[in-house]
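Below: one structure, written as structure tokens.
Throughout, a chain's letter reflects where its sequence line sits, starting with A, and its residues are numbered from 1.
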Amino acid sequence: AGSGGESGTVTVDYAYYNPVSLVLREKGWLEAAFADTGTDVEWVLSLGSNQANEYAQSGAADVSSTAGIAALMARTNGVPITTPYVYSNPEWTALVTFRETGIESAADLEGKRVAATRGTDPYFFLLQALEDAGLSAEDVEIVHLQHPEGQSALIQGDVDAWAGLDPHMAELELEYEGAELFFREPRYNTYGFLNFLDGFLANRTADARRVLEAYERGREWAIENPEATAGILADASGMSEPVAERVFTQRTDLSRPIPGEPHRELLSNLSPILEREDLVTDDADPAGAVDELIDSEFASGVV
Amino acid sequence: MSSDADADVTPSSADGVDAATPTGEADPDSSTADPVLAVDDLRKRYDDTVALDGVDLAVADEEFVAVVGPSGCGKSTLLRVLSGLEAEFGGRVAVDGTDVRDGGSDAVGMVFQEPRLLDWADVRENVAVGLPSDVDPASPPARERVDDLIETVGLDGFAESRPDELSGGMAQRVSLARGLAYDPSVLLLDEPFSALDRLTKADQQDHLLDVWEERGTTVVLVTHDVEEAVYLADRVVVLSGQPGTVASVVDVDIDRPRDRADADLVALRREVTDALGR
Amino acid sequence: MSSDADADVTPSSADGVDAATPTGEADPDSSTADPVLAVDDLRKRYDDTVALDGVDLAVADEEFVAVVGPSGCGKSTLLRVLSGLEAEFGGRVAVDGTDVRDGGSDAVGMVFQEPRLLDWADVRENVAVGLPSDVDPASPPARERVDDLIETVGLDGFAESRPDELSGGMAQRVSLARGLAYDPSVLLLDEPFSALDRLTKADQQDHLLDVWEERGTTVVLVTHDVEEAVYLADRVVVLSGQPGTVASVVDVDIDRPRDRADADLVALRREVTDALGR
Amino acid sequence: MAADTRRESDVSRESDARHGSDAGGSARAAEPRTLGPIPVPSASRFRPLLGLFVPLALVVVWHALVTTGVFAAYQLPPPLRVAKTLYGMAASGELWGHVAITLQRVALGAGLGIVVGTVFGTLTGLSRTASDLLDPLLQSLKNIPSLAWVPLFLLWFGIGETAKVLLISVGAFFPVYLNLSTGIAAVDEELLEVAEVYDLGRVESLRRVVFPAALPDLLVGIRGGVGLAWMFVVAAELIAASQGIGFLLSDGRALARPDIIVGSILLFAFLGNCSDVAVKEVRNRVVGR
Amino acid sequence: MAADTRRESDVSRESDARHGSDAGGSARAAEPRTLGPIPVPSASRFRPLLGLFVPLALVVVWHALVTTGVFAAYQLPPPLRVAKTLYGMAASGELWGHVAITLQRVALGAGLGIVVGTVFGTLTGLSRTASDLLDPLLQSLKNIPSLAWVPLFLLWFGIGETAKVLLISVGAFFPVYLNLSTGIAAVDEELLEVAEVYDLGRVESLRRVVFPAALPDLLVGIRGGVGLAWMFVVAAELIAASQGIGFLLSDGRALARPDIIVGSILLFAFLGNCSDVAVKEVRNRVVGR
Ligand SMILES: Nc1ncnc2c1ncn2[C@@H]1O[C@H](COP(=O)(O)OP(=O)(O)OP(=O)(O)O)[C@@H](O)[C@H]1O
Ligand SMILES: Nc1ncnc2c1ncn2[C@@H]1O[C@H](COP(=O)(O)OP(=O)(O)OP(=O)(O)O)[C@@H](O)[C@H]1O
Ligand SMILES: [Mg+2]
Ligand SMILES: [Mg+2]
């Protein structure tokens with residue numbers, strides 16, 4: 001509904017996994033950016049990539065935040081989004097277990113039960129980790145649980161390991177004795193993509209630029225004020241200060257906002273997995289979609 | 001009668017010997033004008049039960065006809081057909097010249113054998129259900145009429161009672177009052193006094209006669225009480241039982257007001273009773 | 001009678017002059033033994049309606065008592081109290097010496113004024129509801145007994161019919177058969193023949209007498225039919241109407257089998273009628 | 001014993017008024033079993049409190065389970081922790097925003113669903129043709145989970161309040177529809193015949209016979225519908241909500257905050273019970289026979 | 001007109017057998033309005049097909065909406081695309097696994113919920129005390145959304161089938177409970193008096209009077225309960241499922257695959273309708289009046 005050029009609003013999502021969006025909301029900088037145009041800013045909360053994609057798909061959100069892999073899936077399945085901007089380069093996922101399980105590496109997962117949420121970054125992280133260890137998805141039992149439920153299943157011992165996601169992962173680490181991130185690989189995280197509806201980008205270029213400018217302002221402020229940003233994150237999401245601090249100051253990198261070669265390469269590497277795992281339609285071309293999705297030009301003028 | 005009865009129906013006209021063909025012949029009134037109720041070779045079956053088999057009956061305007069017959073012979077069924085409640089039957093049944101299958105007539109009112117009151121409504125509302133549809137039940141004259149009727153059936157003081165607070169006979173009188181409220185030109189009554197004691201019954205009978213005379217209503221009354229039948233009716237139709245056929249028609253040519261102990265009435269009573277005896 | 005009637009109740013013993021105090025005195029049978037039914041100063045009100053006011057009644061073992069009275073005078077209420085269905089009332093009511101409030105007696109069976117059949121069950125099942133609880137309704141003797149009863153009430157051929165396929169009188173007879181199936185030592189009957197024609201009614205009355213004589217049942221029969229009351233009963237209790245009090249008790253000291261046309265019976269009939277007349 | 005069955009069920013149906021007058025009756029009778037003119041404090045006065053007993057017992061068990069370590073506090077927070085969280089939100093005023101917006105959505109959605117359900121239930125209850133046309137479709141739609149509607153409603157109605165209220169009304173619709181349609185089709189044929197014989201006309205038959213007769217079914221349907229409206233709130237508040245109890249629940253799950261999760265469950269239970277009491281109250285007013 | 005009201009509603013209640021014999025009756029009467037011995041093909045034979053009309057019309061509209069571009073294909077895939085996706089899954093055999101496991105869960109869960117609902121409904125319908133104790137709690141729980149139960153069930157029952165089946169049974173429980181409890185409390189007092197007078201005993205009263213009288217209510221409750229069982233499947237299959245239609249739906253949403261979403265919605269509708277027909281069939285067997 002909000003995508004048409006005639007609309008006087010711009011709908012932007014915010015998410016706990018996108019700290020800059022929280023800063024923008026807190027400071028009102030997006031509203032400020034549109035103050036002289038008479039365009040209203042409407043915020044919607046995305047609780048996860050799939051919800052953000054649904055908003056994009058229905059045309060309700062002009063700008064939405066997802067993980068890179070989720071953006072690629074949506075694009076492959078025809079959702080007209082383009083990613084001109086990377087809102088963060090986080091290490092938000094890792095493989096987690098408790099010390100007493102004896103699991104120390106991805107190779108130890110053979111025959112074990114691992115909780116993961118299909119279609120999300122931790123899921124692909126798990127698949128890549130298994131591939132690294134010479135295993136395939138068939139060699140472990142993947143238990144499909146939503147992120148928070150994966151966490152509690154791990155705590156209860158219903159599963160042996162969990163492809164975790166922040167902030168649940170950070171919370172587990174900090175609050176529960178014996179929790180271990182036994183496999184970490186920042187490169188296997190698929191970045192935070194800020195996706196713009198094609199129609200918005202093409203027909204309301206000026207508005208899109210304003211959004212990016214606001215994001216730049218927020219990003220710079222966040223880099224300069226990591227503690228304050230962590231505080232904003234903690235306030236907005238209700239996570240404890242230490243968790244928020246670990247998530248933001250230790251595991252989030254805001255330094256490279258323009259999508260480029262590393263992003264293309266990562267997604268291209270993942271596209272065979274998408275096909276192998278039947279996550280896209282048979283006639284879809286995820287590799288081709290990578291180029292359609294990533295737009296390195298648009299933001300270069302802003303950053 | 002029942003000349004074209006179905007093969008699986010035992011012909012039962014054996015003791016109907018004295019039965020005049022009832023259709024506009026035996027009765028002097030009904031020969032003068034088109035009958036209000038014309039039943040011609042009525043046959044009605046429910047699955048494998050034949051309820052009525054070849055019933056002919058003509059009721060003239062302002063006539064008072066009583067119908068008697070053994071339990072289960074089809075008296076209620078006859079009234080249901082006349083009131084247009086039964087869609088499927090054989091033969092021709094017309095009210096005021098209109099076939100009952102073409103929607104039935106608004107002019108026909110019926111008091112059912114069971115009280116059939118609305119549980120959730122009080123006596124006044126239940127009686128008001130009978131008011132003609134062009135009368136606003138909330139209007140003062142309508143309310144007055146309803147309260148009059150409640151008094152007439154001897155239920156003053158119970159206007160606000162619910163059906164489950166009434167005795168059997170009281171419920172029956174509410175149902176009667178509802179039928180009278182409708183003030184139809186043809187009134188069908190299915191054993192309306194069966195649950196009443198002698199005195200109450202006599203009162204209600206006399207009141208019915210008053211209404212009949214005043215309003216010129218055509219009445220068909222089903223009853224098991226032969227005394228009641230001959231006291232009230234111009235003509236008593238005796239049905240023979242299962243399947244119901246007209247066994248006999250007894251004319252009651254006695255001037256009104258009648259005396260219940262009148263010797264002629266007692267004689268006619270015997271005649272009806274004999275016709276009923278198997 | 002009604003000596004301690006409430007102030008808001010009009011004393012109504014005016015014409016009850018010939019009423020013997022009914023409690024174990026007037027009737028020779030009942031003085032010989034403890035009464036099976038002992039009603040002592042029974043008062044029953046529903047909200048602001050006083051249904052019964054100071055009723056005394058004693059019924060001896062194997063006695064046949066008929067109760068008559070105007071519509072709404074509390075006859076059904078009396079039977080309901082006797083059968084233990086009413087929890088709240090004033091006075092003392094005992095069956096076989098046990099207060100009815102203490103759970104009521106299994107020995108009491110009742111035929112309600114309305115048929116109260118189970119809609120979803122056929123005639124056979126409905127009658128089987130009355131079988132005593134120690135009888136397995138599926139057993140061949142039980143089935144045979146049920147089928148016998150269905151035949152006795154004149155409904156052979158309708159054993160598989162549902163209540164909505166029966167006429168009013170047929171439904172009433174199913175209800176009667178159900179009551180007879182229970183074979184209680186005290187049988188309460190609330191106008192069980194009101195919807196029947198003369199002949200069917202006479203049959204059923206005689207059958208009831210047979211059962212009563214054979215089984216030694218104690219019977220209390222509510223009826224509006226005075227002829228029926230004097231023909232059947234040892235004693236006719238006349239209630240005066242609203243609130244119900246015992247207006248008079250008429251003993252019927254005529255040997256059985258009785259002739260319906262017996263002059264003595266006719267005289268007694270008049271006596272009861274007079275007692276009923278206001 | 002059968003007598004017991006009846007007694008108990010009998011009691012449960014007697015209105016308070018009747019109770020009272022019965023007591024009065026026996027008091028007047030002044031028979032041995034009556035305790036004279038002193039009114040015995042009726043046990044029924046405390047009956048509503050009985051309903052608190054089981055929940056209180058459950059809270060005690062819950063507390064015991066957590067303190068004895070059967071469930072760790074991070075899995076199931078102790079009652080006090082939940083109470084504190086709720087109190088904190090209430091004190092900061094945040095809670096009322098959530099409660100108010102959810103109440104508003106449920107009220108609007110349930111209201112709409114009940115109205116539409118009543119219309120369709122009446123239609124299919126009365127007309128065989130309407131039933132043949134619509135019932136199979138509605139029976140199919142009935143089984144579509146609330147979450148499945150979310151993407152479609154997002155698509156059809158966007159992210160505004162409309163989508164949320166409509167989704168809730170879908171939930172409330174079906175029980176009303178199902179109960180009323182069945183109830184109307186089961187209205188005693190004998191009473192319909194009365195309406196026909198006395199030529200009440202379509203509207204008057206509905207008003208004076210059909211609806212009063214089917215009212216108990218409609219009310220059960222409404223109670224079920226209001227229940228489903230509450231169930232659909234969570235799905236509805238997944239549609240771009242940032243307030244509401246359903247949002248609170250989803251948010252609590254997304255953030256792994258068991259105290260918020262349990263708190264919002266308790267809110268659902270409490271408000272659901274309140275709405276049920278309200279529906280019963282309305283029924284008593286309406287029926288008030 | 002009132003007459004019309006009655007006619008239509010009358011027709012809707014007549015059993016086919018009755019219809020048949022009536023037609024036979026008038027044919028035998030050979031009166032002018034009858035069309036002789038040639039049996040008129042009864043319209044009622046095509047009635048079940050009427051139910052297909054509206055859905056088919058909706059599919060046509062859907063197709064039109066997509067082809068005219070009101071909805072883009074990535075938002076709402078055209079009917080053919082959905083059919084192709086379903087067909088593909090069916091051909092690969094994958095679909096049957098999903099359908100079978102979901103059917104099994106629904107059957108077990110609904111069965112359990114119906115049994116427990118019947119027990120509690122009977123209890124609270126018969127006993128005022130049981131009702132006072134339990135009803136408020138159950139009325140509160142009734143309003144807790146399926147998603148809210150997920151974390152608790154995970155905690156209580158782990159990730160196995162048990163948790164899923166139990167969660168589904170929670171959904172099925174409430175309509176059964178609510179309808180039966182109300183239905184039993186509304187059983188005609190007059191019939192209960194018959195049971196008492198004839199000393200049927202508690203069990204026999206239940207079997208021969210109370211249950212048959214409340215059966216229509218129970219059946220409405222069961223239909224509602226089966227519907228809710230289907231609704232709870234999605235939540236249940238969020239608990240560590242890797243198969244099932246609810247899983248398919250969640251997966252479709254996670255993967256932004258509208259064809260899978262719509263396909264699983266259609267599966268829900270279709271299977272829901274099948275289960276409803278099955279329940280009706282069982283009812284006809286049971287009632288067989
Ligand atoms: N709906 C029905 N389905 C099947 N059979 C029926 C139906 N209604 C009536 N019958 C049968 O039709 C016959 C006549 O019934 P009807 O009610 O007309 O008798 P009736 O003369 O009124 O008897 P009563 O004096 O006992 O009321 C009976 O044998 C009855 O069983
Ligand atoms: N449940 C009730 N609630 C209130 N009042 C009642 C109730 N049952 C009966 N009554 C009243 O009690 C009185 C006696 O009723 P009952 O049914 O005993 O009369 P009856 O003698 O059997 O009359 P009938 O011959 O008409 O059946 C009536 O005035 C009636 O209105
Ligand atoms: Mg009849
Ligand atoms: Mg009575």
Side-chain angles (χ1 to χ4, degrees), chain B residues 46-49 51 68-77 80 112-115 153-155 157-158 160-162 164-173 190-191 193-204 222-227 229 238-239 241-242 244 269 272-273 276-278, chain C residues 46-49 51 68-77 80 112-115 153-155 157-158 160-162 164-173 190-191 193-204 222-227 229 238-239 241-242 244 269 272-273 276-278:
Chain B
Y46 295 104
D47 295 327
D48 41 357
T49 312
V68 298
S71 173
C73 74
K75 302 179 295 297
S76 300
T77 304
R80 289 176 56 81
F112 292 90
Q113 188 167 3
E114 317 82 31
V153 297
L155 291 177
F158 289 94
E160 259 102 50
S161 297
R162 310 252 168 213
D164 63 358
E165 299 168 355
L166 301 178
S167 78
M170 291 159 81
Q172 193 176 40
R173 284 178 275 158
D190 201 347
E191 305 186 31
F193 311 125
S194 63
L196 304 183
D197 62 290
R198 273 187 82 260
L199 286 175
T200 314
K201 189 189 268 193
D203 284 353
Q204 295 308 316
V222 167
T223 182
H224 285 308
D225 185 338
V226 177
E227 183 183 339
V238 181
L239 295 185
Q242 271 213 335
R269 209 190 290 171
V272 173
T273 310
L276 273 171
R278 291 158 236 198
Chain C
Y46 295 103
D47 296 326
D48 40 359
T49 311
V68 298
S71 172
C73 74
K75 303 178 295 297
S76 301
T77 304
R80 290 177 56 81
F112 292 90
Q113 187 168 2
E114 317 81 33
V153 298
L155 290 178
F158 289 93
E160 260 102 48
S161 297
R162 310 250 168 212
D164 64 359
E165 299 167 356
L166 301 178
S167 79
M170 291 159 82
Q172 193 175 41
R173 283 177 277 158
D190 201 348
E191 306 185 29
F193 311 124
S194 63
L196 304 182
D197 61 290
R198 275 187 80 260
L199 286 175
T200 314
K201 186 188 269 193
D203 284 354
Q204 295 307 316
V222 167
T223 181
H224 285 307
D225 184 340
V226 177
E227 183 184 338
V238 181
L239 296 185
Q242 269 210 340
R269 209 191 289 172
V272 173
T273 311
L276 271 172
R278 292 158 236 196

Study note, to complete from the structure: CG of Leu239(C) to CG of Leu276(C), rounded to nearest 0.5 Å, is 9.0 Å

Exercise for review: Pick whichever of Arg198(B), Lys75(B), Lys201(B) has the most heavy-atom pairs under 4.5 Å with chain C.
Suggested key: Arg198(B)

Check your understanding: In terms of heavy-atom proximity below 4.5 Å to chain B, should Thr49(C) be classed as side chain, backbone, both, or neither?
Key -> side chain

Practice item. Sort Val68(B) into side chain, backbone, both or neither according to what part of it lies under 4.5 angstrom from a heavy atom of chain C. Key: neither

Revision key, fill the gap. For Ser76(B), the side-chain contact (heavy atoms from CB on, under 4.5 Å) test, sequence neighbours excluded, returns Gln113(B), Asp190(B)

Check your understanding: Within a strict 4.5 Å, meaning less than it, do heavy atoms of the Gln172(B) and Ser194(B) side chains meet?
Key -> yes

Review point. Is there side-chain contact between Leu166(C) and Phe158(C), with heavy atoms separated by less than 4.5 Å?
Key: yes

Check your understanding: Under a 4.5 Å heavy-atom cutoff, which of Ser167(C), Ser71(C), Gly154(C), Gly169(C) has the most pairs with chain B?
Key -> Ser71(C)

